[in-house]
Number of protein chains: 2
Amino acid sequence: MRNHITIKDIARSLDLSYSTVSLALNDAPVVNPRTRQRVQEYARSVNYRPNASARAISTGRTYLVGAVLGRFTNSFFEEIAQGIENVASQRGFDVILNTSGFGGSSEEAHLSRLVDRRIEGVICTRYSISQQGIDRLEKMEIPILLLRADACGPQTYVAVDNRLGGRLAIEHLAALGHRHVLYVGYDFVFSQLREEGAREAARDFGVKVEPINVPAAIDRGAAFAAVSRRAKALRDFTAVFCADDVLAVGAIQALQEIGLSVPHDVSVVGFDDLRWASLISPPLTTVHQPQISQGETAMELLIAMVEGQQVASTVLAPRLVVRGSTAPVVKRAAGAKAG
Amino acid sequence: MRNHITIKDIARSLDLSYSTVSLALNDAPVVNPRTRQRVQEYARSVNYRPNASARAISTGRTYLVGAVLGRFTNSFFEEIAQGIENVASQRGFDVILNTSGFGGSSEEAHLSRLVDRRIEGVICTRYSISQQGIDRLEKMEIPILLLRADACGPQTYVAVDNRLGGRLAIEHLAALGHRHVLYVGYDFVFSQLREEGAREAARDFGVKVEPINVPAAIDRGAAFAAVSRRAKALRDFTAVFCADDVLAVGAIQALQEIGLSVPHDVSVVGFDDLRWASLISPPLTTVHQPQISQGETAMELLIAMVEGQQVASTVLAPRLVVRGSTAPVVKRAAGAKAG
DNA sequence: ATGAAAGCGCTAACAA
DNA sequence: TTGTTAGCGCTTTCAT
């Protein structure tokens with residue numbers, strides 16, 4: 001069994017020529033239906049399986065794409081990967097995983113391996129591949145699809161509408177009566193967009209939003225300490241909107257540590273709706289990203305590009321998921337207990 | 001750029017034969033150092049990259065493995081995948097991702113695709129592939145490495161020492177003075193092993209452990225309801241040990257809902273140490289699984305198998321991570337407030 | 001409707 | 001040390 005059966009073997013056994021067998025296996029209309037059936041049945045009976053490498057070499061197509069998802073995408077990784085895989089397999093593509101490599105000396109080697117395999121396209125993020133890497137792929141005319149690309153650069157991308165997400169969060173808080181909210185974010189494009197959306201909505205609703213920026217690469221724990229320090233200094237906010245869920249839990253903890261209860265004293269809204277968002281206490285109100293859809297859409301677009309079609313970037317709509325970390329505003333002396 | 005340079009091209013340009021170029025590129029010692037350098041430099045200058053398919057077809061090796069990780073492994077997926085990828089890429093292998101497919105009609109097709117690619121090995125779990133699938137791979141003599149295999153079946157596996165994990169949890173609780181703990185688990189091998197470990201330790205320390213089984217496939221929320229019902233019925237437990245972290249958050253919520261505070265009234269220990277375990281409140285005391293190591297070890301063993309070596313299954317040691325969900329036992333009337 | 005033969009890009013005997 | 005040649009498993013003209 002280890003040594004696979006080949007077309008030659010089948011041809012010999014059935015006393016046909018290679019090409020007839022090949023044609024029969026590929027359902028070519030020219031071959032006699034009876035012959036075709038005979039071939040296919042026999043092939044099946046001996047567990048014949050075509051050799052993808054051989055086929056690739058003679059057709060020039062590999063039906064292989066690379067998914068270069070780095071550390072930073074970790075929290076999303078699972079579901080996005082699942083989405084990618086869903087449509088890939090449905091469309092006859094396989095995906096080679098690549099989770100390491102950003103920027104480091106290994107990136108070049110990693111990309112080389114993908115190139116050697118003659119992948120037909122790549123899905124990646126701005127955080128999982130360097131500009132150099134992108135350039136290299138582009139020079140080889142390998143289609144690239146950027147995930148969560150935040151609309152910077154000429155590449156096709158699939159992303160959530162971050163601005164709208166920010167707006168949704170503020171609309172919700174405004175409806176609950178909040179008039180002063182803290183925005184806790186990173187110095188990253190997606191965070192800035194979420195903040196912009198928040199600000200726009202804030203203007204519409206007469207809400208004041210105050211930004212705190214937190215270093216991104218740093219250990220989150222440390223970042224949260226910063227949040228709590230800033231929170232203590234500020235007096236009158238009643239809600240916190242965070243650039244992502246991880247920040248949001250940090251914020252909740254920080255607030256609780258200085259004696260403010262969530263959502264009673266202050267409401268907290270996250271972004272992403274990671275798997276555990278509903279599991280923490282209080283369950284997190286957050287802006288949901290359609291992650292599987294993102295993966296699926298990405299793969300669909302990438303295949304379209306591979307097929308030579310012209311495709312447009314897609315932005316997916318986020319949606320607010322209201323859970324237990326937000327509540328109507330109540331009169332209080334903010335930070336009172338904390339001193 | 002799209003049409004790749006071949007060895008033939010190089011040979012022609014450098015006025016050498018195919019084979020010399022091939023040998024030079026592969027650092028064969030027979031070729032003249034000067035020739036080799038000339039070839040390699042030229043190849044580099046024209047961005048030559050070998051065609052993996054062509055190479056595969058003539059060497060019979062693909063350096064490709066399949067990772068069939070299903071839904072059930074989701075929570076682990078990221079880090080395990082990372083571990084797998086780490087050593088794979090370091091050893092020159094690529095991994096094809098496969099996240100769907102268990103059991104369903106699609107499994108056969110999925111496996112066929114991997115077989116067509118002539119993967120040299122497969123990493124999977126008992127929950128991500130059917131017995132039929134395993135049989136098929138075995139018949140083709142494709143090495144299989146089972147992840148979290150819980151020691152059932154003849155295949156090589158990599159898993160954490162579940163029994164020891166259970167023991168660690170109980171030891172910790174016993175040291176805190178707990179004498180009656182609830183074990184919340186599934187009807188799965190890994191859960192049973194954790195329970196066994198817990199029971200053994202319990203005997204040693206004079207602790208009583210009471211099991212609650214929760215349906216596994218069901219929505220967790222529903223399961224937690226069951227937990228809370230059972231918890232209300234029981235009077236005198238002071239701690240809960242859960243088969244995994246997801247169950248643990250559920251337990252915490254359930255307990256809080258019936259008016260018991262964690263860890264003041266009852267301590268809770270989880271298992272797995274998922275990424276968010278430290279983020280919830282209280283931060284979860286849990287048995288840590290070395291996930292990246294599991295992935296790495298799995299890949300290392302698989303490669304060894306591919307290389308024809310005899311390898312033994314490996315069990316990795318878990319380790320207890322003490323956080324905020326456990327505390328010394330205090331005298332109380334259990335379930336008092338709940339009525 | 002089927003067969004013969006060339007070729008895809010590479011490796012590996014074997015010969016020179 | 002380099003070149004010739006065959007072959008890996010498949011597709012694809014072009015004949016038959």
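Proteins come first, then strands; the chains are lettered A, B, ... in the order of their sequence lines, and each starts at number 1.
- Taking atom CD1 of A/I5 as the reference point, atom C1' of D/dC8 lies 16 Å away to the nearest angstrom.
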Contact list (N/O, under 3.5 angstrom) for nucleotides 3-7 of chain D vs protein:
{"unit_1": "D/dG3", "atom_1": "OP2", "unit_2": "B/S17", "atom_2": "N", "d": "2.9"}
{"unit_1": "D/dG3", "atom_1": "OP2", "unit_2": "B/S17", "atom_2": "OG", "d": "3.3"}
{"unit_1": "D/dG3", "atom_1": "OP2", "unit_2": "B/T20", "atom_2": "OG1", "d": "3.0"}
{"unit_1": "D/dG3", "atom_1": "N7", "unit_2": "B/S19", "atom_2": "OG", "d": "3.2"}
{"unit_1": "D/dT4", "atom_1": "O4", "unit_2": "B/S19", "atom_2": "OG", "d": "2.8"}

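- When rounded to the nearest whole Å, the span between CZ of B/R12 and P of C/dG9 equals 10 Å.
- For the pair B/H4 NE2 and C/dC10 P, the interatomic distance rounds to 10 Å; values are reported in whole Å.
- Remark: B/S22 is in phosphate contact with C/dT11, judged by side-chain N or O atoms under 4.0 Å from OP1 or OP2.
- Looking at A/I144 and A/C124, their side chains come closer than 4.5 Å, going by heavy atoms from C-beta outward.
- Remark: the A/Q291 side chain and the A/R275 side chain contain no N/O donor-acceptor pair separated by less than 3.5 Å.
- If you check residues 25-43 of chain B against DNA chain C, the residues with a heavy atom closer than 4.0 Å are B/N26, listed by number.
- No donor-acceptor pair closer than 3.5 Å links the side chain of B/N26 to the backbone N or O of B/A28.
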Contacts under 3.5 angstrom, residues 296-304 of chain B side chains, donor-acceptor by atom type, not counting sequence neighbours:
{"unit_1": "B/E296", "atom_1": "OE2", "unit_2": "B/N86", "atom_2": "ND2", "d": "3.1"}
{"unit_1": "B/T297", "atom_1": "OG1", "unit_2": "B/S293", "atom_2": "O", "d": "2.7"}

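- Between A/D116 and A/R113, none of the side-chain N atoms (NZ, or NE/NH1/NH2) sits under 4.0 Å from a carboxylate O, so this pair counts as no salt bridge.
- Between B/N51 atom CG and D/dC8 atom P the separation is 18 Å, expressed in whole Å.
- Minimum atom distance to the side chain of A/T59 is reached by D/dT12, of the listed D/dT12, C/dC10, D/dC10.
- At a threshold of 4.0 Å, the pair A/R36-A/E41 does not count as salt-bridged, since none of the basic side-chain nitrogens sits closer than that to a carboxylate oxygen.
- If you measure from atom CZ of A/R49 to atom P of D/dC10, you get 11 Å, rounded to the nearest angstrom.
- Computed from coordinates, the A/R61 CZ to D/dT12 C1' distance equals 17 Å when rounded to whole Å.
- Ring centroids of A/Y127 and A/F188 are separated by less than 6.0 Å, placing the two rings close together.
- Figure legend: A/R61 and A/Y63 shown as a cation-pi pair, the cationic atom lying under 6.0 angstrom from the six-membered ring centre and within 45 degrees of its axis.
- Taking both residues in full, the closest heavy atoms of B/Q155 and B/I134 are given as NE2-CG2, 3.6 Å, listed atom of the first, atom of the second, then distance.
- At a threshold of 4.0 angstrom between heavy atoms, the contacts of B/I7 are confined to the sugar-phosphate backbone, with no base atom among them.
- Rounding to whole angstrom units, CD1 of residue B/I57 and P of D/dT11 are separated by 10 Å.
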